[in-house]
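Position 1 is the first residue of the sequence, and the numbers go up from there. Both counts, for ligands and for their atoms, begin at 1 and track the order of listing. These values consider heavy atoms only, across backbone and side chains, with no hydrogens, waters or symmetry-generated copies.
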Amino acid sequence: MPRAPLSITGRMPSFRIICTVLAGVFLFSFGALLLKPMNYGLDLQDQPAYSAIINLQSPYVQGPPTQRFRDNLRNDTKYITSWASAGWTNDVITYGNLIYLALITERIPILPKFLSSHIDKSAPPFTFGDVIDIPRLSQAIGIPLLQWHEVKDSESQVLDDLGCWSIWETVQQHIQNPQPRGSPSLNRLKLDISWTKAPDWVKLTAPNKVDNHASFWSLAALGFPEARSNSLGSKNYPSPQHQVSLPPDDHVLCFDFLYYISAHHTWEWELDYSPAWRFVGQHMRWNATIERIADEHARRAMNVPKDKPTPPYISIHIRHGDFSQECIDIPLDQCFASLPVIARRVSEVQEELRTQKGIEVTHIIMTSDESDPEWWSEVRALGWTWVDYVAERTEEIYGKWHPVFIDAIIQSNGAGFVGTRGSTMSTLAIRRVQAWHDGPSRIVKWGWLGADNH
Ligand SMILES: Nc1nc2c(ncn2[C@@H]2O[C@H](COP(=O)(O)OP(=O)(O)OP(=O)(O)O)[C@@H](O)[C@H]2O)c(=O)[nH]1
Ligand SMILES: *[C@@H]1O[C@H](CO)[C@@H](O)[C@H](O)[C@H]1NC(C)=O
Ligand SMILES: *[C@@H]1O[C@H](CO)[C@@H](O)[C@H](O)[C@H]1NC(C)=O
């Protein structure tokens with residue numbers, strides 16, 4: 001008998017039951033914790049109370065992580081996965097696209113960790129669920145989610161073979177000798193991939209248009225038998241290590257790179273109808289632990305007394321850093337928007353909050369990758385504040401990832417927001433402030449003197 005595809009309606013009740021069971025186990029463990037002598041407290045070595053939670057496996061794997069990922073997959077469940085390695089926000093978008101593709105193919109996504117390539121390569125990968133609230137996301141979108149470390153033992157040295165589709169080679173036809181796109185995740189997960197070039201029709205835009213986007217539904221089609229079997233004749237690469245040629249896996253549908261994916265238009269996360277944002281991205285709320293840490297940082301930046309609630313603030317994101325590469329032949333102080341130009345947009349957001357929502361917002365928090373202390377002292381002169389990560393010793397206490405997470409969370413929790421054109425970090429902040437707080441925003445243009453004049 002053919003394997004029955006996972007139906008959403010068939011899956012929902014069992015998922016609800018699992019949540020109930022989870023809640024029950026949690027309450028039970030919490031009760032057990034309370035019954036423990038006080039001096040044990042929440043000591044991390046105090047394992048027994050937690051063991052019930054730790055041992056609770058997702059019902060969508062066979063059991064605890066295994067040496068070979070395949071040994072842990074269920075034979076009645078279909079999965080989907082991909083990898084990433086760009087700036088962190090780009091990777092959030094990539095994983096959002098992966099989860100949306102999981103929704104429309106009725107598969108369970110397996111999410112890798114975030115890699116620190118743009119922060120500090122020495123920082124260890126960061127678990128998706130430690131920054132995004134997976135149970136909340138899962139409940140909001142109605143499908144379970146798995147993380148790679150739940151499937152395959154992170155310490156495993158077994159090299160697994162896997163056949164996957166390469167989109168990158170297909171959409172990059174305008175360059176010479178396009179190749180499948182690798183990711184450092186593959187090495188970490190010990191995966192030896194045999195790539196098959198995705199068919200030309202996955203490209204979103206016209207064949208002769210120089211653009212990297214593929215379309216959601218063309219990729220989804222490859223997750224169903226007809227389009228899949230019609231496309232198996234494409235160019236195939238044997239896996240680099242074992243040298244095995246494999247067709248694209250149907251149990252774990254996989255693609256090399258899902259950043260440049262849209263339904264209808266390129267760069268869709270910037271557009272109001274973006275399905276990946278609407279059906280997935282907006283439900284990717286912050287893990288409560290990290291959100292609390294961000295709130296504490298924001299409160300200290302604003303000097304809020306302990307007994308007062310966090311006041312509404314306007315968040316700003318000014319992206320400098322490597323964006324200077326866009327400033328050919330134009331001096332940086334003319335290419336990047338000046339602080340008075342930014343202040344004009346901040347006033348507009350303040351005005352909109354005043355007239356449309358009746359809130360007077362005086363706290364302004366700047367986030368930026370700018371490192372010039374002179375620039376920051378001009379920020380201070382405007383009466384704005386920011387989180388001083390050095391004084392806070394944030395990296396020492398929490399690790400190198402936290403400043404970027406905390407900045408993103410602070411941006412997202414503004415009553416209003418002002419961002420930088422062309423930065424995905426700003427794009428996501430605009431979306432979040434709008435969806436989560438109904439907050440107004442402005443985007444500052446740059447690239448030449450007067451670029452934002454309008
Ligand atoms: N802490 C902190 N880091 C930032 C800030 N702005 C940029 N960065 C760093 O620069 C990276 C920029 O990459 P993305 O997050 O993908 O966002 P982006 O602005 O679209 O940049 P590109 O991907 O390079 O085009 C971030 O992930 C951070 O590591 C900021 O305001 N605060
Ligand atoms: C699927 O897995 C179950 C339990 O792991 C096993 O009993 C069953 O025989 C398997 N079915 C097939 C078709 O392999
Ligand atoms: C949030 O992150 C912490 C680690 O900081 C983790 O222990 C916790 O399980 C995460 N919460 C959820 C709901 O996954």
### Message
Within the protein, is there a heavy atom lying under 4.0 Å from atom 7 (C) of ligand 1?
### Response
yes
## Note on the structure
The atoms of ligand 1 lying under 4.0 Å from a heavy atom of Asp407, numbered in the order shown, are 1 (N), 2 (C), 30 (C), 31 (O), 32 (N)
### Task
Kindly check if the number of other-residue, nucleotide or ligand heavy atoms within 6.0 Å of CZ (Arg70) is above 12?
yes
### Message
Between Asp211 and Lys209, does any NZ, NE, NH1 or NH2 come within less than 4.0 Å of an OD or OE carboxylate oxygen?
### Response
no
### Query
Among protein heavy atoms, which lies nearest atom 5 (O) of ligand 2, and at what distance?
Gln62 OE1, 3.9 Å
### Query
Any non-hydrogen atom of Pro403 lying under 4.0 Å from ligand 1?
yes
### Message
Could you check whether atom 11 (N) of ligand 2 has a protein contact, counting only heavy atoms that fall below 4.0 angstrom?
### Response
yes
### Task
Measure the distance from atom 27 (O) of ligand 1 to every protein heavy atom, then report the residue, atom name and distance (to 0.1 Å) of the closest one.
Trp88 N, 3.2 Å
#### Entry: Those atoms of ligand 3 less than 4.0 Å from some heavy atom in Gly129
1 (C), 10 (C), 14 (O)
### Centroid separation Phe114 to Tyr95 less than 6.0 Å
yes
### Task
State if Asp130 counts as touching ligand 3 under the rule of any non-hydrogen atom under 4.0 Å.
yes
### Task
Kindly assign one of parallel, tilted or perpendicular to the pair Trp267 and Tyr260, based on the angle between their ring planes and the thresholds 30° and 60°.
perpendicular
### Task
Out of Val404, Asp369, Thr424, indicate the one that has the non-hydrogen atom closest to atom 17 (O) of ligand 1.
Thr424
### Query
Is the centre of the Trp384 ring less than 6.0 Å from the centre of the His363 ring?
no
### ligand 1-proximal atoms of Phe323, by part, heavy-atom distance under 4.0 Å
side chain
### Query
Is at least one protein non-hydrogen atom found at under 4.0 angstrom from atom 7 (O) of ligand 3?
no
### Query
Cut-off 3.5 Å, side chains only: do Lys152 and Ser154 have a donor facing an acceptor?
no
### Task
Indicate, as side chain, backbone, both or neither, the part of Asn90 found under 4.0 angstrom from ligand 1 when only non-hydrogen atoms are considered.
both
### Task
If you have a sec, work out which protein heavy atom is nearest atom 2 (O) of ligand 3 and how many Å separate them, to one decimal?
Asn287 ND2, 2.3 Å
### Query
Under 3.5 Å, is there a donor-acceptor pair linking the side chains of Gln62 and Asn72?
no
### Task
Please confirm whether Asp133 comes within less than 3.5 Å of ligand 3 when only nitrogen or oxygen atoms on both sides are compared.
no
### Message
Looking only at protein heavy atoms, which one is nearest to atom 15 (O) of ligand 1, and what is the separation?
### Response
Thr89 OG1, 2.5 Å
### Message
Please report whether the ring centroid of Phe405 lies less than 6.0 Å from that of Trp286.
### Response
no
### Task
May I ask you to identify the nearest protein heavy atom to atom 12 (C) of ligand 1, giving residue, atom name and distance to one decimal place in Å?
Arg319 NH2, 3.5 Å
### Protein heavy-atom partner closest to atom 1 (C) of ligand 2 - residue, atom, separation in Å
Asn75 ND2, 1.4 Å
### Summary
Per-atom filter on ligand 1: closer than 4.0 angstrom to a heavy atom of Thr367 are 31 (O)
#### Entry: Under-4.0 Å salt bridge between Arg345 and Asp452
yes
### Message
Between ligand 1 and Ser368, can you find any atom pair, the residue atom being a heavy atom, that is separated by under 4.0 Å?
### Response
yes
#### Entry: Centroid-centroid under 6.0 Å between Phe255 and Trp83 rings
no
### Query
Quick check, are the ring centers of His317 and Phe417 under 6.0 angstrom apart?
no
